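To start, the structure under review is shown below, and the notes come after it.
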2 protein chains.
Amino acid sequence: MCDTKLMTQRDLANPTPSVTDGRPADLRAEAFQGVRDARSRELAEDYVELIAELIHDHGEARPVEIAARLGVRPPTVTKALDRLAREGLITRAKYRSVFLTDEGRALARECRRRHEIVLRFLLSLGLDAETAERDAEGIEHHVSERTLALFAAYASKS
Amino acid sequence: MCDTKLMTQRDLANPTPSVTDGRPADLRAEAFQGVRDARSRELAEDYVELIAELIHDHGEARPVEIAARLGVRPPTVTKALDRLAREGLITRAKYRSVFLTDEGRALARECRRRHEIVLRFLLSLGLDAETAERDAEGIEHHVSERTLALFAAYASKS
DNA sequence: TCTGATTGTTAGCATTGTCTAACTTTATGC
DNA sequence: GCATAAAGTTAGACAATGCTAACAATCAGA
């Protein structure tokens, strides 16, 4: 999925110009690369996290409910679930509800952990619950383990 | 959506209950919608911010440089610039460098402001510069004005 | 000035994510 | 136990974002 031959040609061709403000092009490019990678994982993470939540709360995860929670249409969910199944994160049978594989469950746990750390951190900064929830949803996929540790430390300190 | 009951600490507090399609689903769906919107704006923001930076530092913004900084191939840049031009954020002529419209410049300023607040905040939390840069790049598009204000306050306090 | 290197564009492909419309399957209620 | 409602899928469209290969334009140096 991740293409490792991306940078090679450019690296040879580019003697790295302009380090104008202590932010070398390389680092920026790397950061953007990271963001793009995160973006490609985001959807899968959102689905898996939500599926785990639905199974926990309702005993099962049904496409119609997933669609409602994510605010998308059922066919969008069908396609996304196909992809998740292809990637080994869920199992499912036509017209039936969805189950997580071990791998899916592990990813869900990880996502939930990140989500809660970010959320608690934002709340401990003094943010209102609704904005905190909204921002946490966006931020959680883009926070490094190192930042997460600082967030957790701050939240527990206050 | 005025129901501010916490919904993400289910297994800490209680096994939550009957989330039968009440408010929580709405808030989540809304949050996801917001994230999707942010995602569709992200690329444009990254480009515009970078173009402003290049113009400031080098006097002009050339596609080859944009490609290098973003870590993508030139044709990707061409397509993206077409879209930005269509959206009125930049102007350009074939085989020439890129200019921002007033609207593009305003957006760039706004993005840069957010980027710097997030970056300074992460640094003031004690994060190393490289990770801070990487995380800021991902986070900046997903932070509400309210959160930004708290970030700025924290950073200036320390 | 011409010629080769650099830069930029076009064309064409793949993937993802979204939608609507129409269909099939499953569940429900009488 | 059948008819209808609800849930789910399929088909097909479209836009974004990325890539490579090939072509076109520009620039710079001899």
Side-chain angles (χ1 to χ4, degrees), chain A residues 1-15 17 29 32-47 50-51 54 58 60-87 89-99 141, chain B residues 20-21 29 32-47 50-51 54 58 60-87 89-99 141:
Chain A
M1 193 174 299
C2 287
D3 204 342
T4 48
K5 67 185 175 183
L6 274 179
M7 324 282 294
T8 51
Q9 285 185 10
R10 191 175 33 256
D11 285 349
L12 291 176
N14 184 0
F32 283 118
Q33 189 67 62
V35 172
R36 279 196 299 279
D37 289 350
R39 209 149 35 214
S40 80
R41 262 179 287 111
E42 268 182 62
L43 248 281
E45 294 184 352
D46 286 340
Y47 271 87
L50 176 54
I51 288 164
L54 288 172
H58 300 305
E60 63 174 2
R62 295 211 145 265
V64 68
E65 187 68 16
I66 295 171
R69 300 271 191 129
L70 292 178
V72 298
R73 298 294 186 174
T76 303
V77 171
T78 297
K79 261 193 196 171
L81 293 180
D82 285 346
R83 183 185 145 211
L84 295 185
R86 217 187 315 132
E87 290 172 358
L89 294 170
I90 64 167
T91 58
R92 62 194 303 249
K94 262 187 171 182
Y95 297 99
R96 297 298 176 181
S97 54
V98 180
F99 302 92
H141 306 285
Chain B
T20 38
D21 312 66
F32 283 119
Q33 187 65 60
V35 172
R36 279 194 300 277
D37 290 350
R39 208 146 38 210
S40 80
R41 261 178 288 113
E42 267 181 65
L43 250 281
E45 293 183 352
D46 287 340
Y47 271 86
L50 176 55
I51 289 165
L54 289 173
H58 302 306
E60 62 174 0
R62 295 210 146 265
V64 68
E65 188 67 14
I66 295 170
R69 300 272 191 128
L70 292 178
V72 298
R73 297 293 186 179
T76 302
V77 171
T78 298
K79 263 192 197 175
L81 293 180
D82 285 346
R83 185 187 144 208
L84 295 185
R86 218 186 315 132
E87 291 173 356
L89 294 169
I90 64 169
T91 58
R92 62 196 303 247
K94 262 186 171 184
Y95 297 97
R96 296 300 176 180
S97 55
V98 180
F99 302 93
H141 305 285

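Reminder, nothing fancy here: chain letters follow the sequence lines and each chain counts from 1. Everything quoted here is computed from the prediction, not taken from an experiment.
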Would you mind reading off the distance between Leu84(B) atom CG and dT17(D) atom C1', rounded to a whole angstrom?
13 Å
Just jot down the salt bridge (charged side-chain N to carboxylate O under 4.0 Å, His left out) partners of Arg41(B), sequence neighbours excluded, or say none.
Glu45(B)
Value in whole Å for how far the P atom of dT17(D) lies from CD of Gln33(A):
15 Å
Non-neighbouring partners of Arg73(A) that pass salt bridge (charged side-chain N to carboxylate O under 4.0 Å, His left out), sequence neighbours left out:
none
Send over the distance from Arg73(B) CZ to dA22(D) P, rounded to a whole Å.
15 Å
For Ile66(B) and dT17(D), what is the distance between atoms CD1 and P respectively, to the nearest whole Å?
14 Å
Kindly say if Arg83(A) contacts the phosphate of dT18(C), meaning a side-chain N or O under 4.0 Å from OP1 or OP2.
no
May I ask you to say what Arg39(A) touches in the nucleic acid, namely base, sugar-phosphate or nothing, with a heavy-atom cut-off under 4.0 Å?
nothing
Would you list the protein and nucleotides 4-10 of chain C atom pairs, both N or O, that sit under 3.5 Å from each other?
unit_1: dG8(C); atom_1: OP1; unit_2: Arg62(B); atom_2: NH1; d: 2.6
unit_1: dG8(C); atom_1: OP2; unit_2: Val64(B); atom_2: N; d: 2.5
unit_1: dT9(C); atom_1: OP1; unit_2: Arg92(B); atom_2: NH2; d: 2.6
unit_1: dT9(C); atom_1: OP2; unit_2: Thr78(B); atom_2: OG1; d: 2.9
unit_1: dT9(C); atom_1: OP2; unit_2: Arg92(B); atom_2: NH2; d: 3.2
unit_1: dT10(C); atom_1: OP1; unit_2: Lys94(B); atom_2: NZ; d: 3.1

Contacts of Arg36(B) meeting salt bridge (charged side-chain N to carboxylate O under 4.0 Å, His left out) (sequence neighbours excluded), chain-then-number -> none
Below 3.5 Å, can you tabulate the donor-acceptor pairs from side chains in residues 77-85 of chain B to any protein atom, sequence neighbours excluded?
unit_1: Thr78(B); atom_1: OG1; unit_2: Pro74(B); atom_2: O; d: 3.4
unit_1: Asp82(B); atom_1: OD1; unit_2: Arg92(B); atom_2: NH1; d: 3.1
unit_1: Arg83(B); atom_1: NE; unit_2: Glu87(B); atom_2: OE2; d: 2.9
unit_1: Arg83(B); atom_1: NH2; unit_2: Ser40(B); atom_2: O; d: 3.1

Using the test side chain to side chain contact (heavy atoms under 4.5 Å, CB included), find all partners of Tyr95(B) that sit at least two apart in sequence or belong to another chain.
none
Nearest-angstrom distance from the residue atom CG of Leu70(A) to C1' of dC19(C)
15 Å
